[in-house]
Protein chains: 2
Amino acid sequence: MKKNKNLTSFDEHLDEQYGKRGTAKRTEFEIKAKAFLIGEVIKDERRLANLTQEQLADKIGAKKSFISRIENGKSDIQLSTLYRLLEFGLGRKIELLVH
Amino acid sequence: MKKNKNLTSFDEHLDEQYGKRGTAKRTEFEIKAKAFLIGEVIKDERRLANLTQEQLADKIGAKKSFISRIENGKSDIQLSTLYRLLEFGLGRKIELLVH
DNA sequence: TTTCGTGTTCCATTTTAAGTTAACTTTGTC
DNA sequence: GACAAAGTTAACTTAAAATGGAACACGAAA
């Protein structure tokens, strides 16, 4: 994968694509981007549990393609999906701290 | 609001409506029910911030009816909506612990 | 008892996650 | 390289979230 030359150029790319920071569109992008990070967590937990995407999918009655999309940050999942994957599928407990 | 006579009768009600614990339908109900609890958290945080539903709605460019539905556990919100409400709208930080 | 602020509900449309299938790519092993 | 297992992607349908708007409910205060 090609790396960005520097952060400035990446920021400029975002400015172009989604407007400057603080604009509604840019804020929305940043919120979504943050939500997509959950995929990394799920991937890590699945690997810790030594499961393939297909095995995890089977546990929750889904398909491996569904897991793949989520792990790669391509889906803004519902809260219930978060619980279904981490708690029901992987036997973890999720604690949501607000501070 | 009417209280349940006892837990047994409520469990029986769930058994009837969604099948016994462990069945796919019942599990799905329990996962959703858990996800819906977030509404309470949002309501509490909004009140702590001394905002009306309409004021919070304005902050995130939404309508008060949208906030009301979520606070009352009538929507299985996306992760981005969680961040939009608590972080962007109410200035809180969300930490998601998995254990 | 009327008005006002706040919250709830209902009905509508648009958008998107969820779910499925199948083809494709990557990766590891022989 | 051949092969199989694991993972990715695209295209599609279905269900539900997101969203808006208006009507309604309700308590408090005027």
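FYI, side chains are in, hydrogens and waters are out, and symmetry mates aren't considered; it's all heavy atoms of this structure. In what follows, chains are A, B, ... by sequence order, proteins preceding strands, each numbered from 1.
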(message) Rounded to the nearest 0.5 Å, what separates atom CG in A/Leu79 from atom CD1 in B/Ile77?
(response)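 One gets 5.5 Å once the value is rounded to the nearest 0.5 Å.
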Does [X] reach a base, just sugar-phosphate, or nothing at all? Heavy atoms under 4.0 Å.
X       : value
A/Ser68 : base
B/Ile67 : nothing
A/Ser65 : base
B/Gln78 : sugar-phosphate

(message) Side-chain heavy atoms nearer than 4.5 Å, only ILVMFWY residues, links allowed to pass through others: does that put A/Tyr83 and B/Phe29 together?
(response)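 No, A/Tyr83 and B/Phe29 fall in different hydrophobic clusters.
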Using a cut-off of strictly less than 4.0 Å, decide whether [X] has a side-chain nitrogen or oxygen near OP1 or OP2 of [N].
X       : N      : answer
A/Thr81 : C/dA18 : yes
B/Lys64 : C/dT8  : no
B/Asn72 : C/dT8  : yes
B/Ser75 : D/dA18 : yes
A/Arg47 : D/dG7  : no
A/Arg84 : C/dG19 : yes

Let me know the distance between [atom1] of [X] and [atom2] of [N], rounded to the nearest Å.
X       : N      : atom1 : atom2 : value
B/Ile31 : D/dA16 : CD1   : P     : 15 Å
A/Gln55 : D/dG7  : CD    : C1'   : 13 Å
B/Ile70 : C/dT9  : CD1   : C1'   : 15 Å
A/Leu82 : C/dA17 : CG    : C1'   : 14 Å
B/Leu79 : D/dA18 : CG    : P     : 11 Å
A/Asp76 : C/dA18 : CG    : C1'   : 13 Å
A/Lys32 : C/dA17 : NZ    : C1'   : 10 Å
A/Glu28 : C/dT16 : CD    : P     : 9 Å

(message) Just checking B/Lys43: does its NZ atom have more than 12 heavy atoms from other residues, nucleotides or ligands closer to it than 6.0 angstrom?
(response)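 Atom NZ in B/Lys43 is crowded, with more than 12 foreign heavy atoms closer than 6.0 Å.
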Nearest to the [X] side chain among [options], which nucleotide is it?
X       : options               : result
B/Arg69 : D/dA6, C/dA18, D/dT19 : D/dT19
B/Lys63 : D/dG20, C/dG19, C/dG7 : D/dG20
A/Thr52 : D/dA6, D/dA18, C/dT20 : D/dA6
A/Glu71 : D/dT8, D/dT9, C/dT9   : D/dT8

(message) For A/Ser80 versus B/Ile31, what's the shortest heavy-atom pair and its separation?
(response)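 Heavy atoms only, the tightest pair is O-CG2, 3.2 Å.
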(message) Among B/Arg21, B/Lys20, B/Lys25, exactly one meets salt bridge (charged side-chain N to carboxylate O under 4.0 Å, His left out) together with B/Glu30. Which residue is that?
(response)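 That would be B/Arg21; it is the only one of B/Arg21, B/Lys20, B/Lys25 passing the salt bridge (charged side-chain N to carboxylate O under 4.0 Å, His left out) with B/Glu30.
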(request) Determine whether A/Phe36 and A/Lys32 make a side-chain contact, defined as any pair of heavy atoms from C-beta on separated by less than 4.5 Å. (result)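 In short, these two side chains touch, coming nearer than 4.5 Å.
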